[in-house]
Amino acid sequence: MSRRGRSAAAAPADHRRPPVLASNGLVVVHRDDQGRTARFDFTTLPGPAPFRHSLARLFAARCAPSGTWRSVKTSKGAWWAIRPFTQFLHAHEGAPQDVGDLTAGFWNAWRLSLAPRAFDYTKHSRVAGLLQQDPRLPHAVRAAMAKRFVWSTPGEHAYRPEEFRAIRSAARRTFRPALQRIRENTRCLEEWRAGAVSHGTPQWLLGEALDVLARTGNVPQKPLKNGGMRALFRYRAVLGGTGSLHTWRRLYLSRKEAAALGVLIAAEFGFNATTICELAVPTVVPDSGPAAGLIYRLSLEKRRRSGRGRFESRNVADMGADSAGRLLSEALAATAPARTALGPRAEAGRLLVWHETTPHDAQGYPGEVRIGPFGFGTDERATKDWRRSVGLPGSPMRRLRKTVNVLYRREPGQNSQDTHDRVYVLPEPQVQEAAIPVIADGAVDAWQSARRTVFQARIAQQPDGEHQSATCGCVDYMNSPFGLPGQSCTASFLMCTACPNARVTPAHHARLAHLHQALGSLRGALEPAVWDADWAEAHARLSDLSRRLGDTVWSAALAEATAADRTRIDQLLKGDFDL
């Protein structure tokens, strides 16, 4: 069970440095909230120099602490959109020299050079968003930018239930053994530190190796001639080998195991990959505990929003093995040794921390933060590596988010309700399939309701041998549609107007007109729900009859109602009439 609250979480302190715009005005350095840095050199782009200077200034404004680009991933995406735009400028004679010289015709030509696909739509929107910051941009160009970019995409559909279960099971098979391994070795380390292990025993040697591993990130090692490292000989026997499973993985998650944990979090909460990557360690809500169940508070940030609604908190309870909070408890247990080894560093405040055999220091992982052998979060590359290792097709994160929010949680996940309905729910085939019987049932109910409120008896000018009921004539009371064939009708007198066996002649008009008036009078004397349940349909059928006969005939019939008619209707409404 989880409790979600949209209470405004306090915004984290902004430790970013302002972007460095070099003296030539063509180099921008972006440092984001996660401490990642990217350098953008506009001198490497083609095109008119004034235009490149303007682009650099606009780019730097977006990278500033007051700007809207909170991650170097965003600024890098914009950079790779700007490059083809400047190439397009450079390839045409008479190209505008600066933003103020840009024309709607030139922008439309750039727009037509793009393919109708999602990738080129992104380039179009990013360049347009950047240029629109410049007040010199002509109004005609702004109007051209506002025109819809039509593109087609196959789209991503939610997983089928069996596919969703298979992905969760595969992620559990990866993460649960890692959790058990870390818990067991953490217990051994705690016993060693508490002095509960005899000195000189294999268990004591294992505890000593684990203590070094917990403090430094590696078991005791010696350097090799080739520059590598190997576990000291005295510990090899108790460790069981020199591979990662026998050394650092005793206390730390691997990159693929952290990716599996990220998949489980996506399958539980419906978060996107960026949110999971940057997820902070949840805090425990005061006054919660083992007796009543731990309640964690997750602090979330929606980077694309600004101002109100950007920060959000959710309370998630650990109420047992099947609760969402239990996954957070397990994630904390699996990553706690890594955060302890990192100490007071800011990155230690992130939930997903993992270890690698050879420290890369971000080599081969552009824009990613590494501290020694430790990495943080999970990305698409890690998720794909995990997916291939377990034999699953496709990249699961985006589809998992859609599956959870559309089919299971059935509410927005850090989106507006409009975006949730328009982008996620309506195009989803499973939602469309599930809606078919609901729509069909609704149509049948509407049809049946319409039939109940439409006058079904036949209007005749002369009696034709029918028997008389309390309100009108009946030609076949032994075969009523409201009873069993061959048995006398036992339906309420109010149902006569809904029966095709009933006959209404002018002799019945006065009585029915008075009944219609009496039912209308009850409407003001009863609770609306009571009147709707007991009298509304009969009143609607008589209203339909009055429209068929016309106001003149109906008013005359009401005036002709006799004392006997009024007495009979009064008895019928009270249930005192005996035919």
Side-chain angles (χ1 to χ4, degrees), residues 439-485 487-579:
I439 295 172
D441 290 344
V444 171
D445 288 343
W447 174 74
Q448 292 176 344
S449 177
R451 287 201 62 188
R452 288 193 298 267
T453 56
V454 173
F455 187 79
Q456 297 292 318
R458 293 189 181 181
I459 301 174
Q461 292 301 317
Q462 298 292 333
D464 190 17
E466 67 266 13
H467 297 278
Q468 296 301 310
S469 70
T471 54
C472 56
C474 181
V475 297
D476 193 1
Y477 66 91
M478 296 298 292
N479 290 286
S480 169
F482 308 116
L484 296 176
Q487 295 185 10
S488 179
C489 178
T490 58
S492 165
F493 73 94
L494 293 174
M495 296 302 296
C496 291
T497 53
C499 179
N501 293 341
R503 298 293 184 267
V504 174
T505 65
H508 304 121
H509 291 176
R511 189 181 306 166
L512 293 174
H514 181 71
L515 175 59
H516 182 251
Q517 184 183 60
L519 293 177
S521 299
L522 286 175
R523 190 171 194 170
L526 298 175
E527 291 292 333
V530 175
W531 190 86
D532 288 342
D534 295 339
W535 313 109
E537 291 181 1
H539 185 268
R541 288 192 293 272
L542 291 170
S543 297
D544 184 38
L545 174 61
S546 71
R547 287 190 292 270
R548 297 188 187 193
L549 296 178
D551 292 340
T552 302
V553 174
W554 197 251
S555 299
L558 183 59
E560 293 171 0
T562 64
D565 291 329
R566 288 190 287 271
T567 299
R568 173 173 289 192
I569 295 302
D570 184 59
Q571 290 174 336
L572 288 172
L573 294 177
K574 292 180 179 179
D576 297 334
F577 182 78
D578 186 12
L579 189 63

| task | To the nearest 0.5 Å, tell me how far Asp544 CG sits from Leu549 CG. | result | 9.5 Å
| message | Is the shortest side-chain heavy-atom distance between Thr490 and Ser480 below 4.5 Å? | response | no
| task | Kindly determine whether Thr471 and Leu572 satisfy side-chain contact (heavy atoms from CB on, under 4.5 Å), including the steps that lead there. | result | CA-CA 9 Å; Thr471 54; Leu572 288 172; 4.1 Å; yes
| request: Evaluate the side-chain proximity of Pro506 to Gln461: yes if any heavy-atom separation is below 4.5 Å, no if none is. | output: yes
| query | In Å, rounded to the nearest 0.5 Å, how long is the span from CG of Leu542 to CZ of Arg547? | reply | 10.5 Å
| said: With rounding to the nearest 0.5 angstrom, report the SG to NE2 distance, Cys472 to His467. | reply: 13.5 Å
| message | Let me confirm one number: the NE2-CG distance from His508 to Leu515, rounded to the nearest 0.5 Å. | response | 13.0 Å
| message | Can you give me the closest heavy-atom contact between Ala502 and Ala457, atom names plus distance? | response | CB-CB, 3.5 Å
| request: Mind listing the closest non-hydrogen atom pair of Pro500 and Ala498 along with its distance? | output: CD-O, 3.9 Å
| Heavy-atom side-chain contact between Arg541 and Met495 under 4.5 Å | yes
| Side chains of Cys496 and Cys474: does their closest heavy-atom pair fall under 4.5 Å? | no
| said: Would you say that Leu522 contacts Trp531 through its side chain, given a criterion of any heavy-atom pair below 4.5 Å between the two side chains? | reply: yes
| Would you call the rings of His539 and His516 parallel, tilted or perpendicular if under 30° counts as parallel and over 60° as perpendicular? | parallel
| message | Using side-chain heavy atoms (C-beta onward) and a distance below 4.5 Å, is Leu519 in contact with Leu573? | response | yes
| field | Residue pairs passing the salt bridge (Lys or Arg N to Asp or Glu O under 4.0 Å) test where at least one lies in residues 550-566, sequence neighbours excluded | value | Arg511-Asp565
| field | All ring pair (Phe, Tyr, Trp, His ring centres under 6.0 Å) counterparts of His509, not counting sequence neighbours | value | none
| note | salt bridge (Lys or Arg N to Asp or Glu O under 4.0 Å) pairs touching residues 491-504, sequence neighbours excluded, are none
| Which of these passes side-chain contact (heavy atoms from CB on, under 4.5 Å) with Arg548: Val553, Val504, Ile459? | Ile459
| Quick one: does Arg523's side chain have a donor or acceptor within less than 3.5 Å of a partner on Trp535's backbone? | no
| request: Taking all non-hydrogen atoms of both residues into account, name the closest pair between Ala513 and Trp554 and its distance. | output: CA-CZ2, 3.4 Å
| query | What's the spacing between Asn501 CG and Ser469 OG if we round to 0.5 Å? | reply | 11.0 Å
| note | Taken to the nearest 0.5 Å, the spacing of His514 NE2 from Ser521 OG works out to 8.5 Å
| request: Please tell me if the side chains of Leu545 and Thr497 come closer than 4.5 Å, counting only heavy atoms from C-beta onward. | output: no
